[in-house]
Amino acid sequence: MRELELWAAVLQGQLTATELSWGGASCASAEHRRFAHYRQALETVAEADEADLVAAVLRDQDATMADSAVGSHLDRRPAD
């Protein structure tokens with residue numbers, strides 16, 4: 001399954017972010033990879049899908065990492 005299809009599955013509730021397999025990497029490495037993927041996804045998400053993606057990220061079992069990814073995304077957004 002390609003990366004975009006994986007994120008679509010997360011957004012549709014068919015897969016949780018923590019169920020994504022990152023090639024058997026260690027927990028720390030897997031968390032860093034999820035963080036990088038979250039940041040990339042948040043940078044490129046369409047405005048209409050942003051809230052759903054943020055909610056999916058915040059469901060990650062590593063709440064500190066998820067909060068950091070979402071917080072840095074919100075800090076980079078232009079003010080309305």
Side-chain angles (χ1 to χ4, degrees):
M1 193 179 267
R2 295 186 323 222
E3 184 177 341
L4 290 176
E5 292 170 330
L6 288 171
W7 286 115
V10 170
L11 286 172
Q12 295 169 3
Q14 298 168 347
L15 183 69
T16 66
T18 54
E19 290 173 331
L20 295 174
S21 171
W22 302 111
S26 70
C27 287
S29 178
E31 289 165 0
H32 288 132
R33 290 184 64 150
R34 286 197 321 275
F35 180 79
H37 283 278
Y38 290 153
R39 291 203 47 187
Q40 180 181 12
L42 288 164
E43 287 176 11
T44 59
V45 68
E47 187 175 341
D49 297 325
E50 183 179 24
D52 289 335
L53 180 57
V54 166
V57 171
L58 291 175
R59 286 191 298 268
D60 192 284
Q61 71 183 22
D62 186 339
T64 302
M65 180 271 297
D67 289 345
S68 179
V70 171
S72 63
H73 167 68
L74 295 176
D75 289 343
R76 288 191 314 270
R77 286 179 58 196
D80 290 335

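Quick note: numbers below take in every heavy atom, side chains included, and nothing from hydrogens, waters or symmetry partners.
Counting only distance, with no hydrogens or angles, the side chain of S68 and the backbone of T64 share no donor-acceptor pair below 3.5 Å. At distances below 3.5 Å, at least one donor-acceptor pair connects side-chain atoms of R76 with backbone N or O atoms of S72.
The two residues H73 and E43 come nearest to each other via the heavy atoms ND1-N, 4.5 Å. Heavy-atom minimum distance, V57 versus A69: CG1-CB, 4.4 Å.
The structure places CG of L58 at 9.5 Å from CG of L53, a figure rounded to the nearest 0.5 Å. From L74, atom CG reaches atom CD of E50 across 7.0 Å, with rounding to the nearest 0.5 Å.
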